Every structure is written in structure tokens, then in C-alpha cells.
Amino acid sequence: MAQHTTLITGATSGMGHDLALDLAARGGTVLLHGRDSERLAAVAAEVRAAHPGTTVRTYRADLSDLDQVHALADRIRAAEPRLDGLVNNAVAGGGARPLVRELSAQGHELRFAVNHLAPYALTRGLLPLLTASAPARVVNVASIGQETIDFDDVMLERDYEGLRAYCRSKLALIIATFELAEELRGSGVTVNTLHPAHLMDTPAVRAYGLTPVVGTEEGVRPTARLLHDPELADTTGRYFDRFTDSRAHEQAYDTDARARLMELTHRLVAR
């Protein structure tokens, strides 16, 4: 890991913050993403102070705006000589007002935009750098909370509820993980997804009104494992429930559903 460069989205709070500290302890270069400049600077300073031998750089972008996501990928490709790991961790949870349907900058349902479209667009934009740095690993932080995507109402314009939107967006992320892994098979870039831990003590969990069950360190360990465990070097296109290779929601294995989702996804993230 001493020579690795890893990007973590959503690194200013929750599991992303603790994952940044964990990876920085291993050396190399850690790239921190956040949407708030002050919080991003504060976390970067904290990581540098804790691990002065590790290089830390920051990138600000609002992942609810696909224009900013594309620009983020452009900046990273231009500035970074390599990228060995990408952790798509940033999340929009169920929300503090779960019955209020929110929209992204492009008018898409917010959770679908932040939890699925943004990580897919960012990964796509960084593929030239990832493949040039191969072997490289992409880790998509999903959830055990998954719900069938209704292709007649993908953006939940009817009967909206924040946690339902979250669960559908996480299933979409899992499906995209499987599809991208197949596309990249043999390239040296692996793509996996996981449920890191149940009800971690994060702002998203608390905002929705849920009671945290475990600390964020419980999610850091299985996430970091997917990045650096040598036994997983060739593992790709898998969903993990923490450390266990598991089966995701049944719709993730429905070829028609996967094709419909990816057609929509490609159309929405196109520049």
C-alpha cells in the first residue's frame, strides 16, 4: 500500500472519515473528496497530523450535480499520475424529512442521483487512470437495504419515501457494479460492492431517526479488505455482506432489469 493512491468519496464524515485515517496509516497517497471546503480541509489536516508520512490531497465536488461529477473526474485525471483504488462511499441516506422528495441539479431523484448515478459517472470518468494503474480496485459501498426498482417509476414520483428511495438506489449501484465488472474483466481493474456494517453511527443513519448499532470502525475493516487483501486480487463482480461473499437482491441477477437500468444510466450520465 506504500505506493498506492486511493480516492475516497464522502471522506469528511462517517465511515469515509475513518476509512481515510485507516488507509493513511498504511502510507501512500490518499485523495479525499467532500462537498464542503471547510470540512474537507479540516479532515485533511487531521489525517496529515495523524500520519505525516502519507500524502493527502483534497477534491471538492457536489455529487448531486453530474456536471460537478464529470469535472471532478477530469481534475483527478489531469492531476494524479495514478489511481490504484476508488471507494465510492458518499451517500444520501433516507433523509431527515423522508416524505419530501428531493431532486438533483439535473432534476433526478436525489438518492438515485447521489448513490447510483454519481459513483457510476465518476468511475467511468476515472477508468483511463484506473486501467493505466492496473491492478486497481473499485469498491462501491452499498447496503443490505435493497428494494426492487420499478422501471415505470424509477424516480419515485409516486408514493415517495426516503428510505425506499435509498434502498432502490443501492440496488441500482449493485447492479452497475456487476455490469461494470463484466465489462472490465481481464483489464486488471476489479469492481466489487459491499454492505459494510449494520446501522453504523453515521450522520445519515441519525438524520433518518434510526438508532446506530455499531461504530463506523466496523464498516472500515471489510471495506479496507476489499481494497488491499491479496487473496481478493482477482475477485470481481461480487457483493459482500461485510466479509462474506453473499447474494444480493434477486433483481440484481435479472438480465432484463440489468439491461434496462444500464440503458437508463448511460443516458442520464452522458455528457
Side-chain angles (χ1 to χ4, degrees), residues 1-63 68-91 118-119 121-141 180 184 187-194 196 216-217 219-233 235-236:
M1 294 291 288
Q3 303 302 320
H4 280 205
T5 297
T6 306
L7 168 65
I8 308 166
T9 68
T12 59
S13 65
M15 191 185 78
H17 166 271
D18 290 357
L19 181 62
L21 288 167
D22 179 273
L23 296 183
R26 305 167 192 267
T29 300
V30 179
L31 309 178
L32 308 179
H33 156 267
R35 63 176 177 171
D36 182 281
S37 297
E38 290 185 4
R39 288 168 57 192
L40 191 55
V43 172
E46 178 186 358
V47 174
R48 290 186 182 111
H51 306 289
T54 296
T55 300
V56 179
R57 288 190 283 273
T58 61
Y59 290 91
R60 194 197 73 79
D62 184 344
L63 300 188
Q68 292 193 39
V69 176
H70 293 311
L72 173 62
D74 291 345
R75 293 203 311 274
I76 292 171
R77 284 201 323 273
E80 301 298 334
R82 63 181 302 110
L83 185 63
D84 305 273
L86 166 60
V87 183
N88 286 306
N89 164 77
V91 64
L122 180 62
T123 304
R124 274 272 171 214
L126 293 175
L127 277 183
L129 189 55
L130 288 162
T131 53
S133 307
R137 304 188 190 189
V138 177
V139 178
N140 290 328
V141 179
L180 191 56
L184 297 176
S187 69
V189 179
T190 62
V191 192
N192 292 292
T193 183
L194 83 160
T216 51
E217 68 279 359
V220 167
R221 292 187 296 117
T223 305
R225 171 178 172 257
L226 289 184
L227 277 175
H228 65 71
D229 188 340
E231 293 187 3
L232 298 176
T235 299
T236 192

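One-based numbering along the sequence shown. Computed from a prediction, not measured in an experiment: that's the story for all the values here.
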Participant: Do E80 and R57 come close enough that some side-chain heavy atom pair is under 4.5 Å?
Facilitator: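 In contact.
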
Participant: Taking salt bridge (Lys or Arg N to Asp or Glu O under 4.0 Å) as the definition, give me every residue that meets it alongside D36, ordered by chain and number, with sequence neighbours left out.
Facilitator: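 So D36 forms no salt bridge (Lys or Arg N to Asp or Glu O under 4.0 Å) with any residue.
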
Participant: For a quick test of reading the model, state the closest non-hydrogen atom pair linking P196 to P222 and the distance between them.
Facilitator: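 Closest approach of P196 to P222: O-CG, 3.3 Å.
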
Participant: Would a distance-only check, ignoring hydrogens and angles, find a side-chain to backbone donor-acceptor pair under 3.5 Å from N89 to M15?
Facilitator: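 Checked: no pair found.
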
Participant: Which distance, rounded to the nearest 0.5 Å, do you find between the NE2 of H4 and the CG of L23?
Facilitator: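 So the NE2 of H4 and the CG of L23 are separated by 11.0 Å.
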
Participant: R39: which residues meet the salt bridge (Lys or Arg N to Asp or Glu O under 4.0 Å) condition with it, sequence neighbours left out?
Facilitator: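 Salt bridge (Lys or Arg N to Asp or Glu O under 4.0 Å) list for R39, sorted by chain: empty.
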
Participant: Please report the shortest heavy-atom distance between A24 and V47, naming the atom on each side.
Facilitator: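 Minimum heavy-atom contact is CB-CG1, 3.4 Å.
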
Participant: If you take all heavy atoms of G34 and T12, which pair is closest and at what distance?
Facilitator: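 Nearest heavy atoms, G34 then T12: CA-CG2, 4.0 Å.
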
Participant: I'd like to know if the side chain of R75 and the backbone of R60 have a donor-acceptor N/O pair within less than 3.5 Å.
Facilitator: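 Indeed, once roles are kept as given, a pair shorter than 3.5 Å links the two residues.
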
Participant: Can you measure from CG (L122) to CD1 (I76) and round to the nearest 0.5 angstrom?
Facilitator: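 Answer rounded to 0.5 Å: 6.0 Å.
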
Participant: Return the minimal non-hydrogen interatomic distance between L63 and A90, and the atom names on each side.
Facilitator: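 Of all heavy-atom pairs spanning L63 and A90, the closest is CD1-CB, 3.6 Å.
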
Participant: Side chains of V91 and V141: closer than 4.5 Å at any heavy-atom pair?
Facilitator: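 When only atoms from C-beta onward are counted, V141 and V91 do not touch, as no gap falls below 4.5 Å.
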
Participant: Under the rule for salt bridge (Lys or Arg N to Asp or Glu O under 4.0 Å), what residues qualify as partners of R225, not counting sequence neighbours?
Facilitator: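 Residues passing salt bridge (Lys or Arg N to Asp or Glu O under 4.0 Å) with R225: D229.
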
Participant: Which residue is it: T9, L40, L31? I am looking for the one with a side chain to side chain contact (heavy atoms under 4.5 Å, CB included) to Y59.
Facilitator: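 Among T9, L40, L31, the one that satisfies the side chain to side chain contact (heavy atoms under 4.5 Å, CB included) with Y59 is L31.
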
Participant: Within the side chain of R82, is there an N or O that forms a donor-acceptor pair under 3.5 Å with the backbone of T5?
Facilitator: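 It does not hold such a pair.
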
Participant: Which pair of non-hydrogen atoms, one from L19 and one from V220, has the smallest distance, and what is that distance?
Facilitator: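 Here L19 and V220 meet closest at N-CG2, 3.7 Å.
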
Participant: For L7, is there any backbone N or O sitting under 3.5 Å from a side-chain donor or acceptor partner on H33?
Facilitator: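 A pair under 3.5 Å: no.
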
Participant: Hey, could you give me the CG/CG distance between D22 and D18, rounded to the nearest 0.5 Å?
Facilitator: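 So the CG of D22 and the CG of D18 are separated by 9.0 Å.
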
Participant: Once you round to the nearest 0.5 Å, how far does CG of L86 lie from OG1 of T6?
Facilitator: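 OG1 of T6 is found 9.0 Å from CG of L86.
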
Participant: Please indicate whether R48 has more than 12 foreign heavy atoms, meaning atoms of other residues, nucleotides or ligands, lying under 6.0 Å from its CZ.
Facilitator: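 Yes.
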
Participant: Compare every heavy atom of P52 with every heavy atom of A49, then report the nearest pair and how far apart it is.
Facilitator: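 A49 and P52 have their closest heavy atoms at O-CD, 3.7 Å.
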
Participant: Any non-hydrogen side-chain atom of H228 less than 4.5 Å from a side-chain atom of R137?
Facilitator: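 Heavy-atom side-chain distance check fails, nothing below 4.5 Å.
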
Participant: Could you check whether any side-chain heavy atom of L127 comes within less than 4.5 Å of a side-chain heavy atom of L184, counting everything from C-beta outward?
Facilitator: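 Counting from C-beta outward, L127 and L184 do come under 4.5 Å.
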
Participant: Side chain to side chain contact (heavy atoms under 4.5 Å, CB included), that's the test. Do V191 and N140 meet it? Break it down for me.
Facilitator: CA-CA 8 Å; V191 192; N140 290 328; 4.0 Å; yes

Participant: What I'd like to find out is whether the side chain of V43 reaches to under 4.5 Å of the side chain of V56, using heavy atoms alone.
Facilitator: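 The answer is no; the side chains never approach within 4.5 Å.
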
Participant: Given side chains that start at C-beta, do those of E46 and H17 come closer than 4.5 Å, heavy atoms only?
Facilitator: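 E46 vs H17: side chains touch.
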
